[in-house]
Structure formats: C-alpha cells, structure tokens
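Working notes, structure below.
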Amino acid sequence: MEPAVRELTDLVVGLLDGMVGPRLPADPVFAVLCPRLEAAAAALQYTAWRTGATELATTGLGPAQLRDLVDATRRLRSEHPLLAAAAAGDLTPATAEQTAGGRQRWRRSPARGVLEDVCGWDQVVSLPLRGGPAEVGGFAFGRPGRDFTAADLELLSAVQPVLQALDRHVRLLARWQDPAGQARDRAREVGLTSRETAVLLCLADGLTAGATARRLGCSARTVTTHTARLYRKLGVHDRLTAVLEAQRRGILPGPGR
C-alpha cells in the first residue's frame with residue numbers, strides 16, 4: 001500500500017504546483033487508484049444535496065451511462081447509502097454494502113439496481129472529499145461481484161487527507177478566478193505557482209500561517225516557505241504590502257471589488 005500512497009502524494013504535489021484551473025483533475029487520480037482497487041470504473045462526483053444537481057467526471061463509462069447516472073443521482077440520492085452518509089457528515093471511506101447494513105440490504109437498494117442496470121457492476125466504495133446538507137463530493141470506485149476489502153478501505157483512508165487538501169485548494173482557486181482569466185494570467189506573469197497563489201489568497205483573508213496550513217492541508221513550515229517565495233516574486237517584505245502589490249498588479253481584486 002505504501003507505494004500507492006507515496007505515488008499519489010507525489011502526484012498531488014505536482015498538481016498543486018501546476019494547476020491553472022478551478023477543477024480537481026480526476027484522471028491522474030483514477031490512473032493511480034483504479035488498478036490498485038481493481039475497479040472497473042470510477043467517478044469524481046459533486047452533488048448539490050437540495051436539488052440533486054450533479055457534476056461527474058468518470059473513467060470506464062460512456063456518455064449514455066453518464067447521463068443515466070446523473071439522472072439517477074438526482075432521483076435517488078437520499079436512497080444511496082454512501083451519498084446519504086456524506087450528506088449527514090460522515091466522510092469515512094466505506095463500501096455501499098457495509099453502509100447499507102449488509103449484503104441483503106444492499107441487494108434490495110434501488111441504487112444498487114441502477115448501478116447494475118446502467119453500469120454492469122454492483123459494488124461501490126467511496127472516498128469522500130466533502131459533505132453536509134449543502135453539497136456532497138468525492139470519488140467512487142465500482143466493480144462487479146465481490147465487495148471491496150478492508151485493505152482497499154485502508155488505502156483510501158491513507159490517501160484521503162491529501163486529496164481533501166487538493167479539493168480545498170481547488171475551491172480556494174475557484175473563488176479567485178475571474179471570468180476572463182486575467183487574474184490567473186497576471187499571476188503567471190509574476191511567476192506565482194498555484195500553491196503560492198493559494199497562500200496569497202489566504203493572506204488576503206487575514207489568515208495566520210497556522211490557519212492557512214489548516215485550510216490548505218499542509219504544514220505551517222510549508223506555508224512559510226511559499227510566503228517567502230511569493231514575497232520575493234512580488235518584491236515585497238510583509239503581508240500587507242504583498243496584498244496591496246497583488247491588487248495593483250491585478251492578481252487580487254482591489255478594495256470594494
């Protein structure tokens with residue numbers, strides 16, 4: 001298991017350095033985890049719990065299957081044990097069979113019937129990234145036949161923190177992006193990496209190094225390193241001047257914007 005965790009951690013570090021958009025890149029994660037889980041297909045799913053509106057990025061599924069799953073999620077989200085658990089705030093990696101209360105209960109679940117009819121497999125394991133009554137989001141991996149194992153759950157639990165940190169990073173950048181992409185372009189002109197930009201956004205929010213570390217899922221030492229680098233690239237020496245200089249350059253919105 002350790003090589004997989006190390007590979008995914010290295011992957012996420014690279015993604016953090018090179019990300020330019022407000023979307024979590026799912027395909028590299030699928031490439032690492034699907035073979036180790038012997039998963040026939042996988043999805044990165046975000047569902048607005050009140051409306052059921054769903055965004056899916058998948059591997060191993062065709063366009064028609066994708067449309068059917070989005071529709072089924074809207075209709076049956078409260079009856080899917082993994083989605084319902086995440087909506088209640090339980091973000092523990094788990095299998096649908098276990099969460100439903102056993103094999104027989106899962107076999108009677110409408111959600112299982114949809115998966116078998118649409119996808120041809122009936123076992124699912126989740127790797128939640130966020131949850132609660134507003135939105136649930138995370139990875140799901142599916143296969144036919146046997147349920148996922150304790151070793152599979154151990155692997156997902158081990159990689160969950162780094163993927164949740166990536167998800168937080170993506171959300172922070174999504175809040176920053178302007179429709180024309182000008183702020184992103186100006187950050188690139190200065191040479192700011194994605195992680196340095198995320199730290200800059202936290203500085204603008206008035207967060208301490210410790211609070212920034214908690215938001216981004218890294219150490220305070222890492223935050224200090226990125227802060228020193230972005231100060232150097234902006235030609236400043238303190239937080240306030242960094243924010244003002246970033247506003248002047250159009251990387252951050254000015255006061256009142």
Side-chain angles (χ1 to χ4, degrees), residues 8-9 11-30 33 42-58 70 73 77 82-83 85-93 126-140 156 159-188 192-220 222-223 226-227 230 243 246 251-253 257:
L8 195 56
T9 301
L11 169 68
V12 168
V13 168
L15 291 174
L16 286 172
D17 281 333
M19 282 178 58
V20 296
R23 297 287 182 181
L24 194 156
D27 286 342
V29 179
F30 295 154
L33 290 179
L44 173 60
Q45 174 176 326
Y46 293 101
T47 296
W49 195 248
R50 186 178 65 83
T51 64
T54 297
E55 294 182 12
L56 281 176
T58 64
V70 168
T73 299
R77 60 191 182 282
L82 295 175
L83 293 178
D90 185 355
L91 301 185
T92 307
S126 68
L127 196 172
L129 299 178
R130 62 178 86 160
E135 183 184 40
V136 299
F139 288 91
L156 294 179
V159 302
Q160 184 183 39
V162 71
L163 289 173
Q164 286 178 322
L166 180 61
D167 183 58
R168 289 193 294 271
H169 181 89
V170 167
R171 280 189 283 178
L172 187 62
L173 291 181
R175 180 167 61 85
W176 165 67
Q177 301 291 350
D178 60 308
Q182 293 178 349
R184 183 175 64 246
D185 292 342
R186 288 165 184 166
R188 279 202 298 259
L192 295 183
T193 67
S194 178
R195 284 194 290 176
E196 289 163 358
T197 301
V199 170
L200 176 62
L201 292 169
C202 291
L203 293 180
D205 282 346
L207 300 185
T208 64
T212 298
R214 288 190 293 274
R215 177 178 288 187
L216 298 180
C218 60
S219 70
T222 298
V223 170
H226 290 313
T227 301
L230 73 89
V243 172
I251 299 170
L252 294 177
R257 288 177 59 192

I want to check something: taking the side chain as every heavy atom from C-beta on, are [X] and [Y] in contact at a cut-off of under 4.5 Å?
X: Arg50; Y: Pro133; result: no
X: Thr58; Y: Gln45; result: no
X: Phe139; Y: Leu33; result: no
X: Leu163; Y: Leu24; result: no
X: Val136; Y: Leu129; result: no
X: Leu203; Y: Leu230; result: yes

For this session: For Asp205, enumerate each residue passing the salt bridge (charged side-chain N to carboxylate O under 4.0 Å, His left out) test, keeping only those at least two apart in sequence or located in another chain.
Result: Arg175, Arg215
For this session: Mind checking salt bridge (charged side-chain N to carboxylate O under 4.0 Å, His left out) for Arg130 and listing every partner two or more places apart, or none if nothing turns up?
Result: Glu135, Asp167
For residues [X] and [Y], report the shortest heavy-atom separation together with the two atoms involved.
X: Pro93; Y: Leu156; result: CB-CB, 4.0 Å
X: Trp49; Y: Ala87; result: CE2-CB, 3.5 Å
X: Ala57; Y: Ala26; result: CB-CB, 4.2 Å

Working to the nearest 0.5 angstrom, can you tell me the gap between [X] [atom1] and [Y] [atom2]?
X: His226; Y: Glu196; atom1: NE2; atom2: CD; value: 6.5 Å
X: Arg214; Y: Cys202; atom1: CZ; atom2: SG; value: 11.0 Å
X: Leu200; Y: Thr227; atom1: CG; atom2: OG1; value: 9.0 Å
X: Thr73; Y: Leu83; atom1: OG1; atom2: CG; value: 6.0 Å
X: Gln164; Y: Leu91; atom1: CD; atom2: CG; value: 6.0 Å

Exercise. Residues two or more places apart in sequence or in another chain: which of them pass side chain to side chain donor-acceptor pair (under 3.5 Å) with Thr54?
Worked result: Thr47
Exercise. So, the side chain of Thr51 versus the backbone of Ala53: is there a donor-acceptor pair under 3.5 Å, distance only?
Worked result: yes
By side-chain contact (heavy atoms from CB on, under 4.5 Å) - contacts of [X] (at least two apart):
X: Ser219; answer: Arg221, Thr222
X: Ala198; answer: His169, Leu172, Leu216
X: Ala187; answer: Trp176, Leu192, Thr197, Ile251

